[in-house]
Number of protein chains: 2
Amino acid sequence: MARPTNTRFAVAVHVLTLLAGTSEEVLSSELLAGSAGANPVHVRRVLGALRRAELVGSRPGAHGGWQLERAADTVTLGEVWRAVQGDDPLLGLHGAAPECTVGQRIQHALGDVDRRAARAVEEELARTTIYDLARDTRARELEPAPATAL
Amino acid sequence: MARPTNTRFAVAVHVLTLLAGTSEEVLSSELLAGSAGANPVHVRRVLGALRRAELVGSRPGAHGGWQLERAADTVTLGEVWRAVQGDDPLLGLHGAAPECTVGQRIQHALGDVDRRAARAVEEELARTTIYDLARDTRARELEPAPATAL
DNA sequence: CGATTCGTATGCATCGTGGTTACGGTTCGA
DNA sequence: TCGAACCGTAACCACGATGCATACGAATCG
């Protein structure tokens, strides 16, 4: 929740955008980590989750690396979120007193609320694709840096 | 992010529901903490945020305690979320390599995505009020415990 | 066979979270 | 007037999650 020092989603989006925008066949985790500001092991762990979701593929060995498994405009941020986040609760739960029936009811209701909120997030994130980000990034990259930058 | 061990929102909703459902004038933080499965200091910290949002009020001294400042059916969970969570990022950010313009663009885009997701959560949460929870809880409390209970 | 890169386990430092204790201020009632 | 009951907040501590560093094995290419 809430206040996540959790960078997995951001790293995943960052890496996927790079993979979508490159002309290379594959990119190494070390290169991706350098751009994302993380270390290669962390990037590989995140990419492992994305591979289980069949969003990316990897090739070991010399000249190995990572590549997109699907067209960038079919990969929504909602899928990325689900791949990285799973079914973890979004809002956070708590442990009410077990002897309090009221507390149990509230916990149940909060579970519903949490699921609805998680679905709302996924639907909102589904409105953006990796291609959208790669296109925007590339477009701005070609501009001569607007005077109103920052 | 989101794997929040953060219980503030849940505690806040729990406590507000209790305040909405009681016939007492005020409830002490010790009583609220007992029901919510937390300690009084934590509850007071959460209630402090809710008071700053003018959702609840407190009265010190003997026979003091907490009470709702507004009608329960006008307090949405979206307001509670905002009061407790503030503007903290929902999805989590990361620190891209500063020398990488692509990374900066992605971070900027992720900021937009995060704000949109946070707004989606608030709008979804705004569909439920404390009164809804208090009513459901009370209604079920009066039932003779359904046979399919767990 | 050696270099490169993935895959994963392990240990570690850091930080957020919540519990605990403590102390001061406020209100009520004896 | 004084003590009890509460709020308000600070300080410290323990626990768990997160991410980094290192290491080692497996796979692939030259």
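Proteins get letters first, then strands, A, B, ... in listed order; numbering begins at 1 in each.
- Across the protein-nucleic acid pair, A:Glu30 atom CD and C:dG7 atom P stand 15 Å apart, rounded to whole Å.
- Proximity note for B:Arg45 (side chain, C-beta onward) versus C:dG7, D:dA11, C:dA3: the nearest is D:dA11.
- Across D:dC29, D:dG8, D:dG19, the shortest atom-to-atom separation from the side chain of B:Arg51 is found for D:dG8.
- Atom CD of A:Glu54 is surrounded by 12 or fewer heavy atoms from other residues, nucleotides or ligands within 6.0 Å.
- For C:dT4, the OP1/OP2 oxygens have no side-chain nitrogen or oxygen of A:Ser28 closer than 4.0 Å.
- Near DNA chain C, defined here as any heavy-atom distance below 4.0 Å, there are no residues from residues 13-24 of chain A.
- The 12-atom threshold is exceeded at CZ of B:Arg70, counting heavy atoms of other residues, nucleotides or ligands nearer than 6.0 Å.
- Rounded to an integer number of Å, the gap from CG of B:Leu27 to C1' of D:dC7 is 14 Å.
- Between A:Leu125 and A:Phe9 the shortest side-chain heavy-atom distance falls below 4.5 Å.
- Side-chain N/O atoms of B:Arg8 include none lying less than 4.0 angstrom from OP1 or OP2 on C:dG16.
- Candidate nucleotides C:dG7, D:dC7, C:dA3 were compared by shortest atom distance to the side chain of A:Trp66, and C:dG7 ranks first.
- Taking atom CG of residue A:Leu47 and atom P of nucleotide C:dC6, one finds them 9 Å apart after rounding to whole Å.
- Considering only heavy atoms from C-beta on, A:Leu110 comes within 4.5 Å of A:His94 through its side chain.
- DNA chain D is contacted by both B:Arg52 and B:His63; B:His63 maps to the nucleotide lying nearer its 5′ end (nearest heavy atom per residue).
- Atom C1' of nucleotide C:dC6 and atom CG of A:Leu50 are separated by 15 Å, given to the nearest angstrom.
- A close approach under 4.0 Å does occur between a side-chain nitrogen or oxygen of A:Ser29 and OP1 or OP2 of C:dC6.
- If you measure from atom CZ of A:Arg59 to atom C1' of D:dC29, you get 10 Å, rounded to the nearest angstrom.
- Every side-chain contact (heavy atoms from CB on, under 4.5 Å) that B:Ala53 has, sequence neighbours left out, goes to B:Leu55, B:Ala83.
- Of all the residues in residues 36-44 of chain B, B:Val41, B:Arg44 reach under 4.0 Å from DNA chain D with at least one non-hydrogen atom.
- Between the P atom of D:dC7 and the CG atom of B:Leu31 lies a distance of 10 Å, rounded to the nearest Å.
- A:Gly48 comes within 4.0 angstrom of no nucleic acid atom, judged by non-hydrogen atoms across all strands.
- The shortest non-hydrogen separation linking A:Pro40 to A:Glu30 is CG-CA, 4.1 Å.
- When all heavy atoms of B:Gly103 and A:His14 are compared, the closest pair comes out as CA-CE1, 3.5 Å.
- In this structure, the separation between CZ on A:Arg115 and CG on A:Asp87 is 10.0 Å, given to the nearest 0.5 Å.
- Side-chain contact between A:Val15 and A:Leu27 is absent, with no heavy atoms from C-beta onward closer than 4.5 Å.
- Considering A:Val75, A:Val80, A:Leu77, A:Asp136 in turn, A:Leu77 is the only one that fulfils the side chain to side chain contact (heavy atoms under 4.5 Å, CB included) rule with A:Thr128.
- Spacing between atom CG of A:Asn6 and atom P of C:dG16 amounts to 14 Å, rounded to whole angstrom units.
- The phosphate of C:dG7 (OP1 or OP2) has a side-chain N or O of A:Ser58 nearer than 4.0 angstrom.
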